[in-house]
Amino acid sequence: MTDFNLFTFNSRAYPGTDPLVVRLGDRVRVRFGNIGEDVHAIHIHGHSFWVTGTDGGPIPKSAQWPETTILVPPGSTRDIEFVADNPGDWPFHCHMLHHPMNAMSHDVPNLTGVDQSGVSGKINKLVPGYMAMGEYGMHGMLEMNMFGPTNTLPMMAGEGQFGPIGMGGMFTIVKVREGITNYDDPGPYQNPPGTVAGPLGGEKTESTPAHAHKY
Ligand SMILES: [Cu+2]
């Protein structure tokens with residue numbers, strides 16, 4: 001159910017990808033080289049960028065254009081540049097749905113809202129180990145850490161500071177930090193008090209950090 005490849009950044013799938021650590025105010029250039037056979041739509045959160053070059057050469061400044069997603073065709077390169085003016089942890093990933101998630105089994109028919117009570121027992125007679133799932137969406141899969149076949153990647157993986165992230169392919173995080181003196185991974189962003197959404201009424205949950213509740 002991988003349609004029909006596994007997709008990576010620099011041969012690595014999230015959470016095995018390195019974060020891109022940048023200093024607040026840095027001008028950042030990223031060059032994508034697509035050596036596969038599929039188009040990739042690379043998207044950043046928290047910023048917009050300028051498309052500044054292709055494998056044909058630099059794009060003159062008067063012809064550069066602003067974007068938040070850039071299509072990178074097979075066998076080509078694209079350069080983007082942005083000014084990191086927004087502190088935080090920002091997803092940076094391919095926007096083709098199964099590329100940042102790889103083995104997400106999205107060819108399985110959508111069972112959201114389908115009452116599956118009693119189904120597991122019957123199917124288990126034919127397919128031992130079958131588990132009914134998806135009545136309330138697939139988010140529950142994130143916490144199961146189910147084992148897949150030994151020759152493939154996990155379906156979804158990665159832990160964030162608020163819980164499972166549910167990505168497993170062309171996905172990384174741009175970490176924009178003020179006042180850093182090196183580009184080592186600085187850990188999760190410390191969100192300023194009052195900037196993180198919480199449950200209505202301020203009820204504390206296990207995955208909500210304490211500093212998110214200083215109302
Ligand atoms: Cu892609």
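When reading the values below, keep in mind they use all heavy atoms of this one structure, side chains included, and skip hydrogens, waters and symmetry mates. Index from 1, following the sequence. Order of listing sets the numbers, starting from 1, for every ligand and every atom in it.
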*Asks:* Show me the pairs that pass salt bridge (Lys or Arg N to Asp or Glu O under 4.0 Å) and involve residues 45-74, at least two apart or across chains.
*Replies:*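 Salt bridge (Lys or Arg N to Asp or Glu O under 4.0 Å) check on residues 45-74 returns Asp55-Arg78.
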*Asks:* Using a cut-off of 2.8 Å, find all protein N, O or S atoms closer to the Cu ion (ligand 1) than that distance.
*Replies:*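 The answer, once waters are left aside, is His40 ND1, Cys94 SG, His99 ND1.
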*Asks:* Please check if the number of heavy atoms outside Asp185 that lie under 6.0 Å from its CG is greater than 12.
*Replies:*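 Enclosed: over 12 neighbouring heavy atoms sit under 6.0 Å from CG of Asp185.
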*Asks:* Ring-plane angle category for Phe7 and His98, please: parallel below 30°, perpendicular beyond 60°, tilted otherwise.
*Replies:*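 Phe7 vs His98 ring planes: perpendicular.
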*Asks:* Just checking His93 against His95, ring centres under 6.0 Å apart?
*Replies:*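 Yes, ring centres under 6.0 Å apart.
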*Asks:* I need the minimum non-hydrogen distance between Ile42 and Met170, along with the two atoms involved.
*Replies:*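 Ile42 and Met170 have their closest heavy atoms at CD1-CE, 4.0 Å.
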*Asks:* Would you please classify the geometry between the His40 ring and the His99 ring as parallel, tilted or perpendicular, with 30° and 60° separating the classes?
*Replies:*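 Answer is perpendicular, since the angle exceeds 60°.
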